2 protein chains.
Amino acid sequence: MVAIRLDEIDRKILAELQADGRMTNVELAKRVGISAPPCLRRVRTLEESGLIRGYHADVNSRELGFEVQVFAMVGLESQAESELNAFEERCREWPLVRECHMLNGEVDFILKCVAPDLSSFQQFLTGDLLTTPNVASVKTSLVIRGAKDEPGVPFDVLEERMNRTA
Amino acid sequence: MVAIRLDEIDRKILAELQADGRMTNVELAKRVGISAPPCLRRVRTLEESGLIRGYHADVNSRELGFEVQVFAMVGLESQAESELNAFEERCREWPLVRECHMLNGEVDFILKCVAPDLSSFQQFLTGDLLTTPNVASVKTSLVIRGAKDEPGVPFDVLEERMNRTA
DNA sequence: ACCAATGCGCAATTATCTTTCGCACTTGCG
DNA sequence: CGCAAGTGCGAAAGATAATTGCGCATTGGT
């Protein structure tokens, strides 16, 4: 994956598509100040370079019946690379685990999980997570309420940095 | 927001749009097994009902220069509702904070943060987060590497539940 | 059995995307 | 300095997709 040089227009495109991924190409072109064809070419380039990984509908999981969100801090017995990989692979296979990040510090992994209800989660916790070999400790915290949830890039910060460097 | 009754087709639509938010309506209709017009009508209904919150491009923040990801566990002095709201409002204003969740247990909030580099984050930590009134303790953990990151709904689990209930 | 309501599919219109072409600007070499 | 090659842009035309209106079938209730 080559490092693509991004100009102001590319960054605007990314910001707009992050805000509204279904925007039409003509609308996008209008907003970033160029005509449609070169705009589409830039988008394609951004997609092929991997800077745009994809587009996803943001589905309200709570309304769909996943009312429980839990963060789980996991510590392992062994931190050998093979063991770390093995645990990560397990996480990829568990549908209730939506995110898995390896951390520094005393905890090895943090997992973001969803579940339809508490008993479903407990079932997963005791039946799957805690019975996984090499798992030494798990501390879970229920999400009481969400105050902010905007995965993505803060483009305002990015612009500021670019202007400083330029 | 009324509770919408979802049939199999609606759930397929949600799953497909979560996987690929830019899919054309005709392609979507083909995949879920109906013709284009009723498919579009269903999508509009799902959007208006709030089940689909929006569509977003998934931008590779690391490639864009945000190489640092940090989870911050925050404890407050006072957990009065007004204080909780005040802290949440702060989080919404900080661009480096992408997620803020209120938790049960000893920690009051967990924050997912991004930053261009460590010093930027430290600047935010010492300059903003730690100087915020009512913040009692902050424990941060750097993300070493990400193993899974698929925000959204596990539709396979949902289908299984529906079939069991039906 | 009838009627209303809901949802699907067809067809036509409208909007959008894709492709091709030509032009202007920059870059590098003679 | 001049010229050729490469790159990016905008305009226009053909292809594709989205949207709307309407008729019909199915369902649920009377």
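Just so it is clear, the values below take in all heavy atoms, side chains as well, and ignore hydrogens, waters and symmetry mates. Proteins come first, then strands; the chains are lettered A, B, ... in the order of their sequence lines, and each starts at number 1. Since this is a predicted model, take the numbers as computed values, not measurements.
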> Considering the terminal five base pairs at each end of the helix from dA1(C)-dT30(D) to dG30(C)-dC1(D), what angle separates the two local helix axes, rounded to 10°?
Replying inline: 30°

> Counting distance only, does the side-chain N/O of Glu47(A) pair as donor-acceptor with the main-chain N or O of Gly54(A) below 3.5 Å?
Replying inline: no

> In residues 26-33 of chain B, what residues come within less than 4.0 Å of DNA chain D, judged by heavy atoms?
Replying inline: Val26(B)

Name the pairs: protein N/O against N/O of nucleotides 5-7 of chain D, kept only if under 3.5 Å.
none

> Is any NZ, NE, NH1 or NH2 atom of the basic residue among Lys12(A) and Glu159(A) found under 4.0 Å from an Asp or Glu carboxylate oxygen of the other?
Replying inline: no

>> Per the ring-ring contact (aromatic ring centres under 6.0 Å, His included) rule, what does the pair list look like for residues 57-80 of chain A, sequence neighbours excluded?
In response: Phe71(A)-His101(B)

> Taking atom P of dT16(D) as reference, at what distance in whole Å does atom CG of Leu40(A) sit?
Replying inline: 16 Å

Short heteroatom pairs, N/O only, protein and nucleotides 23-25 of chain C, under 3.5 Å:
none

> Is there a side-chain contact between Arg22(A) and Met23(B) (heavy atoms, below 4.5 Å)?
Replying inline: no

>> Under the rule for side-chain hydrogen bond (donor to acceptor under 3.5 Å, both in side chains), what residues qualify as partners of Asp7(B), not counting sequence neighbours?
In response: Arg42(B)

> Who are the side-chain hydrogen bond (donor to acceptor under 3.5 Å, both in side chains) partners of Arg31(B), not counting sequence neighbours?
Replying inline: Glu16(B), Glu27(B)

> Please give, in whole Å, the distance from dG8(D) C1' to Asp7(A) CG?
Replying inline: 11 Å

> Just how far, in rounded Å, is P of dT16(D) from CZ of Arg22(B)?
Replying inline: 19 Å

Tabulated below should be each protein N or O lying under 3.5 Å from an N or O of nucleotides 11-14 of chain D; please produce it.
none

Got a list of side-chain donor-acceptor pairs under 3.5 Å for residues 120-127 of chain A, not counting sequence neighbours?
unit_1    : atom_1 : unit_2    : atom_2 : d
Ser120(A) : OG     : Asp117(A) : OD1    : 2.8
Thr126(A) : OG1    : Gln122(A) : O      : 2.8

> Which whole-number value in Å describes the distance from Asn25(A) CG to dT19(C) C1'?
Replying inline: 13 Å

>> Between Asp58(B) and Tyr55(A) (side chain of the first, backbone of the second, donor and acceptor by atom type, cut-off under 3.5 Å), is there such a pair?
In response: no

>> Both Ile34(A) and Arg44(B) contact DNA chain D. Which one's nearest nucleotide lies toward the 5' end?
In response: Ile34(A)

>> According to side chain to side chain donor-acceptor pair (under 3.5 Å), does anything in residues 79-90 of chain A pair up with another residue at least two apart or in another chain? List the pairs.
In response: Gln79(A)-Asp108(A), Glu81(A)-Asn85(A), Glu81(A)-Arg145(B), Glu83(A)-Asn134(A), Asn85(A)-Arg145(B), Glu88(A)-Arg145(B), Glu89(A)-Arg92(A)

>> Working to the nearest 0.5 angstrom, can you tell me the gap between Glu93(A) CD and Lys148(B) NZ?
In response: 9.0 Å

> Taking atom CG of Leu14(A) and atom CD of Glu63(B), what is their separation to the nearest 0.5 Å?
Replying inline: 11.5 Å

> Can you name the side-chain hydrogen bond (donor to acceptor under 3.5 Å, both in side chains) partners of Glu8(B), sequence neighbours left out?
Replying inline: none

>> In whole Å, I'd like the distance from the CE atom of Met23(B) to the C1' atom of dA18(D).
In response: 16 Å

> Which distance, rounded to the nearest 0.5 Å, do you find between the CE of Met102(B) and the SG of Cys91(B)?
Replying inline: 12.5 Å

> Do side-chain atoms of Asn104(A) reach the backbone of Leu142(B) as a donor and acceptor pair under 3.5 angstrom?
Replying inline: yes

> Looking at Arg42(A), does any N or O in its side chain come under 4.0 Å of the phosphate oxygens OP1/OP2 on dC9(D)?
Replying inline: yes

>> Take a 6.0 Å sphere around CZ of Arg62(A) and say whether it holds more than 12 heavy atoms from other residues, nucleotides or ligands.
In response: no

>> Whole angstroms only, please: what is the CD-P distance between Glu8(B) and dG7(C)?
In response: 17 Å

> What residues, two or more places apart in sequence or in another chain, satisfy side-chain hydrogen bond (donor to acceptor under 3.5 Å, both in side chains) together with His56(B)?
Replying inline: none

